[in-house]
Undergrad: 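Before we start, here is the structure in question, set down as C-alpha cells.
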Amino acid sequence: MIKTISFAIAHFTVAFSVTFALTGSVVIGGLVALVEPTVNTVVYHFHEKLWDRIRARRARTQDDPQEMTGMPVGG
C-alpha cells in the first residue's frame with residue numbers, strides 16, 4: 001500500500017508540475033492533477049480488461065490450433 005500511495009503522490013506531482021509549467025495557473029494545475037489520474041485509472045481498468053481478453057484468446061489458440069485458422073488440423 002505504501003508503494004501505491006507513493007506512486008499516486010508522484011503522479012499528482014508530475015501532473016500538477018507539467019500543467020503549471022505550461023499554464024502558470026495553480027488552479028488549472030490542481031484541477032489537472034486531480035482529474036488526469038482519475039481518468040487514467042478508469043482507462044487503465046478497461047485496458048486491463050482488453051488485455052485479459054487478448055491473453056485468453058491466445059491461450060485458446062495455443063490449446064486448439066484449429067481456432068487460429070478456422071480449418072481442421074490433421075487428416
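What's counted below: heavy atoms across the whole structure, side chains too, no hydrogens, waters or symmetry copies.
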Undergrad: Rounded to the nearest 0.5 Å, how far does CZ of R58 lie from CH2 of W51?
TA: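 So the CH2 of W51 and the CZ of R58 are separated by 5.0 Å.
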
Undergrad: Scan V43, T41, V42 and name whichever one has a side-chain contact (heavy atoms from CB on, under 4.5 Å) with V39.
TA: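 Option passing the side-chain contact (heavy atoms from CB on, under 4.5 Å) with V39: V43.
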
Undergrad: Give me the atom names and distance for the closest heavy-atom approach of V32 to P37.
TA: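 Closest heavy-atom pair between V32 and P37: O-CD, 3.6 Å.
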
Undergrad: Could you tell me which non-hydrogen atom of A33 sits nearest to which non-hydrogen atom of A15, and how far apart they are?
TA: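 Shortest heavy-atom separation between A33 and A15 comes out as CA-CB, 3.8 Å.
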
Undergrad: Can you find a pair of side-chain heavy atoms, one from F16 and one from L34, that are under 4.5 Å apart?
TA: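 The answer is no; the side chains never approach within 4.5 Å.
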
Undergrad: Would you mind listing every side-chain hydrogen bond (donor to acceptor under 3.5 Å, both in side chains) that reaches into residues 13-39, with sequence neighbours excluded?
TA: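 Of all non-adjacent pairs touching residues 13-39, those that pass side-chain hydrogen bond (donor to acceptor under 3.5 Å, both in side chains) are H11-E36, E36-N40.
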
Undergrad: Please determine whether residues F12 and V26 belong to a single hydrophobic cluster, defined as Ile, Leu, Val, Met, Phe, Trp and Tyr linked transitively by side-chain heavy-atom distances below 4.5 Å.
TA: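 No, separate clusters.
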
Undergrad: How would you list, by chain and number, every residue that makes a salt bridge (Lys or Arg N to Asp or Glu O under 4.0 Å) with R55, sequence neighbours excluded?
TA: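 R55 satisfies salt bridge (Lys or Arg N to Asp or Glu O under 4.0 Å) with D52 only.
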
Undergrad: If you group Ile, Leu, Val, Met, Phe, Trp and Tyr whenever their side-chain heavy atoms sit less than 4.5 Å apart, what else falls in with M1?
TA: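 I5, I9, listed by chain and number.
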
